[in-house]
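Okay, so here's the structure we're looking at.
In what follows, every chain begins at residue 1, and chains take the letters A, B, ... in the order their sequences are listed.
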Amino acid sequence: MSAYLDSLNSGQREAVEYLEGPLMIVAGAGSGKTKVLTTRIAHLMHQGVDTFRILALTFTNKAAKEMKERVELILGDNSARSLFIGTFHSIFARILRFEAESIGYPSNFTIYDTTDAKNVIKDIVKSLNLDEKLYKPATVYNRISAAKNNLYTYKDYQADYDIKQEDERSKRPMMGVIFEKYSKQCFKNGAMDFDDLLVNMYLMLTTHPESLSKYQHKFRYILIDEYQDTNTAQYHIIKLLGAMHENICVVGDDAQSIYSFRGASVKNIFQFQKDYEDVKVIKLEQNYRSTESILLAANAVIGHNKTQIEKSLWTENGKGQKINLVCTFTDNDEGRHVADSISEKKLRNHFKNSDFAILYRTNAQSRSFEESLRRSNIAYRIYGGLSFYQRKEIKDFVAYLRIIVNPKDEESIKRVINYPTRGIGKSTISKLTLYANENDKSFWDVLCECRAAGIGGRAASSIENFVVMIRAFQSMESKKNAFELAEEVGKTTGLIKSLYNEGAVEDLARYENAQELLNAIQEFTQTPDEEGEIIEKSLGIYLQQITLLTDADKDDPEDSDVVTLMTIHASKGLEFPNVFVVGLEENLFPSSQSLYDLDDLEEERRLFYVAITRAKTNLWITYANHRYRYGKLVSNESSRFLDEIPEDLVDTTHARKPKSGQFSAKRDPLKQALQQRKVQKANYNHEVKGQFVADSPKDMKEGTKVEHQRFGFGKISALEGPEANKIATIEFDLLGKKKIMLNYAKLRIVNV
DNA sequence: TGCGCAGGTGTTTTT
DNA sequence: CACCTGCGCA
């Protein structure tokens with residue numbers, strides 16, 4: 001039989017082998033959830049299920065990527081590549097690309113990120129002459145988003161009595177009108193925001209029975225990760241897609257539900273059992289990740305929540321070290337203490353940087369740790385925060401590309417029509433907008449006939465030049481690939497040049513970012529796939545992909561060894577040998593916004609539970625008596641959650657109020673030793689680091705031993721295809737057989 | 001029209 | 001503290 005089943009415990013194995021009919025896996029933290037999901041997919045394929053009939057949905061790209069890689073690893077070949085594994089948003093975007101026209105959208109629809117969406121809202125609030133303090137873009141956006149996540153259209157919204165009451169109470173009676181205008185504007189722009197990807201998927205399925213039936217047939221097996229985080233829209237889509245075969249497997253843990261602010265509802269877990277007859281429920285309660293102390297602490301904390309599914313997580317792992325509770329004077333001391341602890345732990349126990357994670361409640365907390373780590377010469381990486389694609393210079397560049405692909409995208413046109421400066425000012429824009437609205441024309445069409453809109457003189461000729469330029473780009477689209485086109489855009493628009501000319505240091509960085517965007521597009525077009533598979537690589541697809549990428553999706557360099565800094569939200573699903581959970585203070589964690597609502601407070605507690613359960617071996621929990629907030633030093637009480645951890649599990653050596661600077665270890669002998677170690681390590685790393693120069697495909701023959709930049713070492717076992725485009729089958733030491741297109745793969749020959 | 005500066009304002013969490 | 005906005009000036 002299949003060897004991959006052998007490493008599973010009985011519950012896991014049952015979950016993998018129960019293929020037909022609805023299945024709910026209640027999987028506690030660290031109980032091997034990902035292993036079950038990936039093995040299940042591999043098992044399905046092993047049973048002869050076609051890859052394109054399996055749909056697996058996750059919440060983050062990272063989780064999707066890991067799942068794909070692990071399936072590949074189990075199967076030992078690249079047959080996993082055509083699996084539909086991805087986030088709800090990215091998979092639906094992919095499907096909607098095919099189906100968009102049936103609901104009136106162009107297939108090259110633009111995907112608006114939160115910033116784009118807020119800009120549209122800002123314009124609408126202005127055009128309605130509303131109080132911009134009251135109708136702040138973020139507030140309006142959140143309200144609309146919440147409605148959409150519940151599948152409310154603007155019509156539903158306007159008709160709902162309770163909503164109306166609520167908006168009037170908060171003095172925002174025009175919310176429904178803004179929602180309507182926003183929806184119409186996005187549609188007119190051929191654009192969808194994040195929520196629309198769900199809403200429109202639902203709309204498409206419910207209004208086009210033939211499409212619904214197509215996807216119901218196609219996806220014979222559906223798997224949903226983190227089911228406790230699904231919102232109403234996602235819930236209904238899953239239900240629709242799975243209605244024919246009812247082979248829906250959901251994995252979830254109510255204790256880890258931390259996205260209710262995004263419309264997620266734990267109720268979906270309970271509802272699942274009511275929606276289908278004979279739902280098989282399997283609980284995974286053995287934790288393989290953490291020491292007993294860590295697990296006991298986590299269980300004790302979550303025990304303070306009223307609402308939860310009964311389960312008890314246990315482990316066979318040893319008791320392990322006590323949890324370190326650390327109190328410092330200020331947030332800067334907190335940073336220093338964490339950096340020092342990492343140094344010390346590295347030295348004593350020979351951990352790598354990547355064995356450590358610092359987890360915090362809010363992104364703003366990263367500052368003190370960045371400083372202390374930098375000072376201690378510890379490499380780190382912050383996940384989250386501003387994505388590469390949200391930087392101004394990148395958004396500007398992308399806006400041009402978006403216009404080429406989808407000229408209806410008014411938002412993008414407005415963003416760059418006068419950047420770089422070409423003398424098309426505010427008054428001209430508002431004239432054009434007015435004319436467009438009055439004559440029911442798209443902004444682009446009005447640009448094309450700007451003189452009819454009453455524009456003359458210099459502005460008119462500038463606009464005409466702009467239109468000619470964009471049209472020229474559009475006609476290049478069929479002749480050039482995405483990279484060549486983007487390069488042309490950078491040159492012709494003067495975008496690259498304007499960045500280069502600005503001269504200051506940060507401008508140089510922006511210039512380099514623009515170059516990096518070009519590199520990314522180049523890579524997208526040139527390297528069809530890791531395995532050399534060729535799929536469509538149009539500019540339109542590229543643009544739809546990048547909006548859904550976050551900073552966390554960026555690949556780490558192969559040789560990177562860094563401490564991870566991230567929010568607790570972002571850490572879900574990950575594990576580290578050593579974890580610092582920081583900032584355990586009232587008003588911060590639990591957040592000040594959550595103190596007056598039991599449900600909110602319980603969600604904060606679940607968040608703390610998630611944080612604790614990331615740790616495998618060592619856990620530190622820290623807090624500071626004083627912290628800079630808005631530039632002012634404020635004092636804090638320790639978090640109520642700390643009192644919920646049984647005392648006997650905690651080491652309080654550093655928990656008593658220290659004097660400021662107590663933990664700064666200027667004369668620490670450890671530090672000197674560390675310096676030496678660093679030098680050694682650098683030498684050692686040097687060999688590994690060395691520039692990876694790929695060898696020519698011509699020199700590769702059957703039997704040649706090679707090294708792949710990502711896949712490691714292997715041997716070519718077969719060659720096929722024409723001389724100019726040879727495809728090699730390579731047996732990798734770690735990953736097994738893979739087919740690689742030599743023209744695209746980066747391989748170097750290993751001399752034995 | 002464009003840029004620089006002063007002042008106000010705000011912090012959860014993310015696809 | 002850091003970002004954004006609005007205002008005033010060239």
Side-chain angles (χ1 to χ4, degrees), chain A residues 57-64 86-93 111-115 117-119 122 126 132-133 136-139 141-142 145 148-149 192-199 201 226 229-231 233-234 257-264 331 359-368 383-387 389-390 392 418-429 458-459 462 502 544-553 566-572 583 585 587-595 600-601 603-604 606-608 610-611 627-634:
Chain A
L57 297 174
T58 66
F59 278 81
T60 62
N61 295 301
K62 211 174 179 186
T87 63
F88 281 88
H89 291 84
S90 70
I91 294 282
F92 293 171
I111 300 175
Y112 281 167
D113 67 17
T114 318
T115 317
K118 284 179 190 165
N119 284 340
K122 211 187 279 174
K126 265 187 199 153
E132 288 178 50
K133 292 249 159 61
K136 274 179 253 171
T139 313
Y141 176 80
N142 288 337
S145 172
K148 283 188 188 171
N149 284 327
M192 301 188 196
D193 66 18
F194 289 142
D195 303 314
D196 288 333
L197 292 172
L198 308 181
V199 169
M201 178 75 186
E226 310 279 15
D229 287 333
T230 50
N231 61 34
Q234 289 160 333
S257 153
I258 53 173
Y259 280 106
S260 73
F261 69 92
R262 211 166 81 185
D331 48 354
L359 308 180
Y360 36 76
R361 178 70 237 282
T362 66
N363 284 306
Q365 282 167 262
S366 67
R367 204 212 74 240
S368 66
Y383 289 80
L386 204 59
S387 135
Y389 298 101
Q390 284 170 6
K392 188 197 171 293
N418 200 32
Y419 183 81
T421 317
R422 31 175 96 81
I424 305 171
K426 256 186 207 159
S427 58
T428 308
I429 305 275
R458 209 166 65 99
S462 287
E502 282 169 19
Q544 284 175 349
Q545 279 180 12
I546 58 172
T547 314
L548 298 172
L549 289 180
T550 60
D551 199 41
D553 301 319
M566 54 170 60
T567 63
I568 300 167
H569 280 89
S571 76
K572 192 159 66 156
E585 295 138 38
N587 295 318
L588 181 61
F589 194 11
S591 146
S592 55
Q593 331 266 307
S594 70
L595 299 181
D600 289 345
L601 193 67
E603 177 145 324
E604 293 285 307
R606 290 193 293 270
L607 196 54
F608 187 44
V610 168
R627 177 177 296 279
Y628 282 95
R629 257 188 155 178
Y630 305 129
K632 274 206 178 101
L633 199 62
V634 295

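The span of DNA chain C lying next to chain A, judged by atoms under 4.0 Å from heavy atoms, is bounded 5' to 3' by C:dC1 to C:dT5.
Remark: A:Lys392 engages A:Asp396, A:Arg415, A:Tyr419 in a side chain to side chain contact (heavy atoms under 4.5 Å, CB included) (not counting sequence neighbours). In terms of the side chain to side chain contact (heavy atoms under 4.5 Å, CB included) criterion, A:Arg458 has no residue partners (sequence neighbours excluded). By the side chain to side chain contact (heavy atoms under 4.5 Å, CB included) test, A:Gln544 pairs with A:Arg97, A:Phe109, A:Ile111, sequence neighbours left out. Taking the salt bridge (charged side-chain N to carboxylate O under 4.0 Å, His left out) definition, one finds that A:Glu585 meets it with A:Arg627, sequence neighbours left out. Every residue two or more places apart in sequence or in another chain was checked for a side chain to side chain contact (heavy atoms under 4.5 Å, CB included) with A:Asn142, and none qualifies.
A stacking contact links A:Phe261 to B:dT13: the aromatic ring centre lies within less than 5.5 Å of the base's six-membered ring centre, and the planes differ by less than 30°.
When the side-chain nitrogen and oxygen atoms of A:Asn363 are compared with OP1 and OP2 of B:dT14, one or more of them lie within a distance under 4.0 Å.
Using a 4.0 Å heavy-atom criterion, one finds that A:Lys122 contacts the sugar-phosphate atoms exclusively.
Mapping A:Thr60 and A:Ile424 onto DNA chain B via the closest heavy atom, the residue that lands nearer the 5' end is A:Ile424.
The distance from atom CG of A:Asp195 to atom C1' of B:dT14 is 11 Å, rounded to the nearest whole Å. Counting to the nearest Å, the C1' atom of B:dT15 and the NE2 atom of A:His89 are 4 Å from each other.
In this structure, NZ in A:Lys572 is found 9.0 Å from OG1 in A:Thr60, a value given to the nearest 0.5 Å.
C:dC4 and B:dT13 have their P atoms separated by 15 Å, given to the nearest Å.
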